[in-house]
Amino acid sequence: MKKEEYQKLVSEYTPKENKWKNAALSFFVGGLVGFIAELIALILQNSFGLEVTESYSWVCVIMIFFASFCTALGFFDNWVSKCKAGLFLPTTGFAHSVTSTALDYRKDGFITGLGSSFFKLAGSVILYGIISAFFLSILGVIIYG
Amino acid sequence: MASKKLNNVYIKDSFSIAGPVEKKGSIKNYDLVMDDYYYHEKTFEQSEIKMQKVVIDNLLNQNKLINSEIDLLVAGDLSNQISVSSYTASNYTIPFFGIYSACASFVQGLIVGSEYLDNKRKGNVICVTSSHNLNAEKQFRFPIEYGAPKPTTTTFTATGAVACLLTKEETKVKVESYTIGRVIDMGCRDASHMGAVMAPAAANVIVDHLNELNREINYYDLILTGDLGCIGSKILIEFLKQAFGLKMKQHMDAGCELYLKSQEETYAGASGPVALPLYLFNKILKQKNRKKQKILIVGTGSLHNPFFVNQKLTIPGVAHAISLEVN
């Protein structure tokens, strides 16, 4: 059997992911995360008298803490496998990836293990985030002056 | 030709330890089970070394053997440079052979051990294999909880260790013959679909074994593959039919059978070199009312490496077969 024929056989037997269902679930869960974040922001603004921009910074910190805490307790990945992109795309996913590497390499030394592996996954997000921010800001200056 | 019939090599005994997910699976009578992945050690790597030591010590005690009575220790695992096995071996005075064929390591170990004993009058060889889910995740994939949903074709590395004692004394399980498999690359690139990588290698070794020993597929009462998983098993059956015109009815896959369908976190089934011996020694060979049967065991391994996967190279697979006669 040729390789191409075999690949055809494999794809016949590989279950197809229900992309529409996953997308709908991600949309709903991602929206729910946003809703909770907004709710926390409103509480911070109304009950603690924080400015709008300041409250959003605090929301970010709270969400990151909450996600990292759930990672450390060992159930964030189970949620991700059920909730798909709705949970791993927001800040919660970024926090989770950093915390899980930290947990993974904490016994391999602070420099050689934890330090060098800390941004194993998140490093790409930071690098390409900065690069795209750089080019988008140039574009912004060109368009808006 | 890489098939050979053996003269009076037998499996005398085995000892298994299984991890926290495995103990909730389809087998309830493991010799020992672990409640957590650390197994009272500081790291997962050390936990795997302890698992190997525990199974070897218990196997020696069970059979009232001391280090000097064992001719050879053959061990393999999934860690970098198979260091788990090497560190385990440093605790014993037994000559040691470290082996690697990914998840086919156990069958490779049995072949090496059996070949060593083949023309001897007496002797004992211990074959050990282990895998640890979180060590394998760290080694082959991303960090433990890498935070992205996995595809349904993913297999879940089983946690456990198995030690088995090969001997020249006659027992109820005879190692009758073996076939060393070829490395087959059918153009698969997806490391999350290892069943597809390994199925052609499994099919080829089965066909080679049958041809070289002049046997029909019905000669065996059971063909037990290692860790193709539930999807890989279907691919193997179809591949055998389409490429070789063989209908394999008496097939079972240890990876597909090790967990219950309700254990969703295991996706397409178990993988890892320990999946096959866990199922073989704790289910197949411990069956009540066990009948005389001929079993062909096919260990399957996906020979990938994270660097090569990232470089988008295709993944080769390998499989080795060993024939057991159970009385």
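Each chain gets a letter, A, B and so on, in the order its sequence line appears, and its residues count up from 1. As the structure is a computational prediction, the values presented were derived from the model and not from experiment.
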Please confirm whether the backbone N or O of [Y] pairs with a side-chain atom of [X], one donor and one acceptor, at under 3.5 Å?
X	Y	result
A:K107	B:K42	yes
B:S79	B:V84	yes
A:D104	A:S100	no
B:S26	B:L258	yes
A:T92	A:A67	no

Please check if the number of heavy atoms outside [X] that lie under 6.0 Å from its [atom1] is greater than 12.
X	atom1	answer
B:K234	NZ	no
A:I131	CD1	yes
B:K23	NZ	yes
B:F308	CZ	no
B:Y38	OH	yes
B:Y37	OH	yes

Contacting moiety of A:D108, where chain B heavy atoms sit under 4.5 Å: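 The answer is the side chain of A:D108.
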Residues of residues 235-253 of chain B with any heavy atom under 4.5 Å of a heavy atom in chain A: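 Against chain A, the residues of residues 235-253 of chain B that fall inside the cut-off (heavy atoms, under 4.5 Å) are B:I235, B:E238, B:F239, B:Q242, B:A243.
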Taking 4.5 Å as the heavy-atom cut-off, does anything in residues 265-273 of chain B contact chain A, and if so which residues?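 So the qualifying residues are B:Y267.
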Show the numbers, then the answer: is there a side-chain hydrogen bond (donor to acceptor under 3.5 Å, both in side chains) between A:T71 and A:H96? CA-CA 6 Å; A:T71 305; A:H96 169 69; 2.8 Å; yes
In terms of ring plane angle, is the pair A:F65 and A:F69 parallel, tilted or perpendicular, where the classes change at 30° and 60°?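 A:F65 and A:F69: parallel rings.
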Starting at CD of B:Q52, measure out to NE2 of B:H132 and round the result to the nearest 0.5 Å.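 Spacing of CD (B:Q52) from NE2 (B:H132) equals 11.5 Å.
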Would you please test A:I126 and A:F94 for side-chain contact (heavy atoms from CB on, under 4.5 Å) and show each step? CA-CA 10 Å; A:I126 294 173; A:F94 186 86; 3.8 Å; yes
Please say whether the positively charged group of B:K138, taken as NZ for Lys or CZ for Arg, lies over the ring of A:Y105, i.e. under 6.0 angstrom from the six-membered ring centre and within 45 degrees of the axis.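 Here B:K138 passes the 6.0 Å and 45° test against A:Y105.
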Using the side chain to side chain donor-acceptor pair (under 3.5 Å) rule, pick out the option among B:S131, B:S85, B:S86 that qualifies with B:D77.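 When B:S131, B:S85, B:S86 are each tested with B:D77, the side chain to side chain donor-acceptor pair (under 3.5 Å) holds only for B:S85.
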Side chain from CB out, backbone as N, CA, C, O: work out which of these in B:T153 comes under 4.5 Å of a heavy atom of chain A, or both, or neither.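 Side chain of B:T153 only, per the 4.5 Å heavy-atom cut-off to chain A.
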Within residues 37-57 of chain A, which residues come under 4.5 Å of chain B, heavy atom to heavy atom?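 Result: none.
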Which of residues 8-28 of chain A get closer than 4.5 angstrom to chain B, counting heavy atoms alone?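 Those residues of residues 8-28 of chain A which have a heavy atom under 4.5 Å from chain B are A:L9, A:V10, A:Y13, A:T14, A:P15, A:E17.
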